[in-house]
Amino acid sequence: GGGAAAAADRYKGHGVIWEIWNEPNIFFWQPKPDVNQYITLALATARSVRAADPKAVIVGPATSEVPIKFLEESFAGGLLGVFDAVTVHPYRNYRMPPETATEDYAKLRALIERYAPTPAKKRMPILSGEWGYATHKGGVSLETQAAFVVRQQLANLLAGVPLSIWYDWKNDGPDPDEREHNFGTVTSDLKPKPAYNAIKTMTSQLADHRVERRIDTGDSGDYVVLFAGPRGSRKLAAWTTGDPHKASIRIFSDRRTTVAGVTCLGEPLDGSSVVKHANRLSISLGPMPLYLTGVSPDF
């Protein structure tokens, strides 16, 4: 408690988010996970931090994956009363893409609404505090990691998750067989992996834009996501979780508007990827998101 209070006092006013522990539902809690011990620790730590900084932002329980039983027990123990947001680390099997976390968030949201001590707490944010896909020999390809780093961010935003922390910025070592050495967006000697260029492209393409809605193409695996920006700007991020195919959406017909776009890695789209015809737009969807500008979807 004293250490937490001292840290909170030192960094007061610096916009720090205080997360209590790391994955207490697995081996990080010795000798074995104990939800009641974690509740005791979290309540005491939160009290100490708030005494030092009443405006502190406190989150948890930072679970490995989304363990419903552990989360429900921690909420029943009163943790929603001291947390400002709920953090989970939604790791999953490498064959399960980022979009599959949407179901987990829905279950978690239902728990929050059930155990929230006040109406305002029912709406507390869910944060993706740590999550990645490694490119070791038993993991995903470099191209799949590039697709997933972006889709994690975009699918989380679409699910109402406002903060997503990718694990990891940099490979932890050079061993191609070691999982923990290959989560990075850059290699251990700082050479960019495709994932680095993918996240750089996403942040530059969608800067100052916010998720507005997902556009229905008639295929549940398609994600054509509309973003709204300043001065009426509209952009699309588009991909599919299924096999590559063409999808069509209605747009406002304006012959003066040119639809332009770039690939997930920032390269200009070729002429066949996006075809505008009258009031329809045909988009070639694949696992790597595309970014389109000059589009006004017809609602």
Side-chain angles (χ1 to χ4, degrees), residues 89-102 128-159 161 163-207 209 211 214 219 221-225 227 235-247 260-270 272-274 283-293:
H89 301 169
Y91 288 101
R92 56 209 49 239
N93 183 291
Y94 286 160
R95 289 183 295 276
M96 297 176 68
E99 297 81 3
T100 57
T102 302
S128 177
E130 177 191 321
W131 179 16
Y133 291 82
T135 56
H136 62 300
K137 286 186 178 175
V140 299
S141 68
L142 290 168
E143 290 71 24
T144 295
Q145 187 196 42
F148 282 6
V149 69
V150 169
R151 286 164 49 183
Q152 180 204 96
Q153 301 284 319
L154 298 179
N156 279 356
L157 288 174
L158 198 58
V161 175
L163 176 65
S164 303
I165 299 174
W166 175 265
Y167 184 86
D168 205 355
W169 142 243
K170 177 170 77 79
N171 280 0
D172 288 345
D175 186 349
D177 296 318
E178 171 55 52
R179 184 184 69 157
E180 286 297 329
H181 284 199
N182 290 278
F183 278 99
T185 64
V186 298
T187 64
S188 56
D189 57 355
L190 302 183
K191 291 185 174 62
K193 294 162 69 174
Y196 178 90
N197 291 323
I199 206 74
K200 179 181 177 182
T201 300
M202 184 199 77
T203 55
S204 61
Q205 286 292 313
L206 299 178
H209 286 66
V211 168
R214 181 180 175 187
D219 185 326
D222 290 353
Y223 285 78
V224 179
V225 184
F227 285 78
K235 294 192 177 190
L236 292 180
W239 71 96
T240 184
T241 60
D243 293 330
H245 63 274
K246 291 185 181 296
V262 299
T263 69
C264 188
L265 301 180
E267 299 156 351
L269 291 181
D270 64 55
S272 63
S273 296
V274 181
I283 310 170
S284 295
L285 300 179
M288 304 274 269
L290 307 176
Y291 304 100
L292 305 178
T293 58

* Hey, mind stepping through I199 and Q153 against side-chain contact (heavy atoms from CB on, under 4.5 Å) and telling me if it holds? -> CA-CA 9 Å; I199 206 74; Q153 301 284 319; 3.8 Å; yes
* Structure fact -> Closest heavy-atom pair, P268 versus T263, reported as atoms and distance to 0.1 Å, is O-CG2, 4.4 Å
* To do: Dump the intermediate steps for side-chain contact (heavy atoms from CB on, under 4.5 Å) on V186 and K170, then the final yes or no.
  => CA-CA 5 Å; V186 298; K170 177 170 77 79; 3.9 Å; yes
* Is any side-chain heavy atom of T185 closer than 4.5 Å to a side-chain heavy atom of W166? -> yes
* Asked: If every non-hydrogen atom of A237 is compared with every non-hydrogen atom of F227, which pair is closest and at what distance?
  -> CB-CE1, 3.9 Å
* Asked: So, does N197 use its side chain to make a donor-acceptor pair with the main chain of L265 at under 3.5 Å?
  -> no
* Has the side chain of Q152 got a donor or acceptor atom that lies under 3.5 Å from a matching backbone atom of W131? -> yes
* To do: Measure the spacing between OG1 of T135 and OH of Y94 and express it to the nearest 0.5 Å.
  => 8.5 Å
* **Side chain K235, main chain Q205, donor-acceptor under 3.5 Å** => yes
* OH of Y196: more than 12 outside heavy atoms within 6.0 angstrom? -> no
* **Atom of A101, atom of P90 and distance for their closest heavy-atom approach** => CB-CB, 4.4 Å
* T100 OG1 to R95 CZ distance, which is reported to the nearest 0.5 Å -> 12.0 Å
* To do: Rounded to the nearest 0.5 Å, what's the gap from CZ on R214 to CG on D222? Could you check?
  => 7.5 Å
* Below 4.5 Å, heavy atoms only, C-beta onward: do P289 and M202 meet side chain to side chain? -> no
* So with a 6.0 Å cut-off around CZ of R179, is the heavy-atom count from everything else above 12? -> no
* **Side chains of Q145 and N182 in contact at under 4.5 Å (non-hydrogen atoms)** => no
* Structure fact -> Closest non-hydrogen contact found for V149 with A195 is CG1-O, 3.8 Å
* **Atom of A147, atom of M288 and distance for their closest heavy-atom approach** => CB-SD, 3.6 Å
* Asked: Short question: side chain of K193, backbone of G184 - any donor-acceptor pair under 3.5 Å?
  -> yes
* Return the minimal non-hydrogen interatomic distance between S284 and S272, and the atom names on each side. => OG-O, 3.5 Å
* Is there a side-chain contact between R151 and P287, using heavy atoms and a 4.5 Å cut-off? -> yes
* Asked: So does D189 have more than 12 non-hydrogen atoms from other groups sitting under 6.0 Å from CG?
  -> yes
* To do: Side-chain contact test, heavy atoms from C-beta onward, threshold under 4.5 Å: evaluate it for V262 versus L269 and give yes or no.
  => no
* **Straight-line distance of E99 CD to T240 OG1, nearest 0.5 Å** => 9.0 Å
* Asked: Which distance, rounded to the nearest 0.5 Å, do you find between the CG of L158 and the OH of Y223?
  -> 7.0 Å
* Note, L290 side chain near W239 side chain (heavy atom, < 4.5 Å) -> no
* Nearest-0.5 Å distance that lies between atom NE2 in H89 and atom OG in S128 -> 8.0 Å
* Less than 4.5 Å apart, any side-chain heavy atom of V150 and any of T201? -> no
* Decide yes or no for L154 and L206: does some side-chain heavy atom of the first lie under 4.5 Å from some side-chain heavy atom of the second? => yes
* Whether over 12 other heavy atoms sit under 6.0 Å from K200 NZ -> no
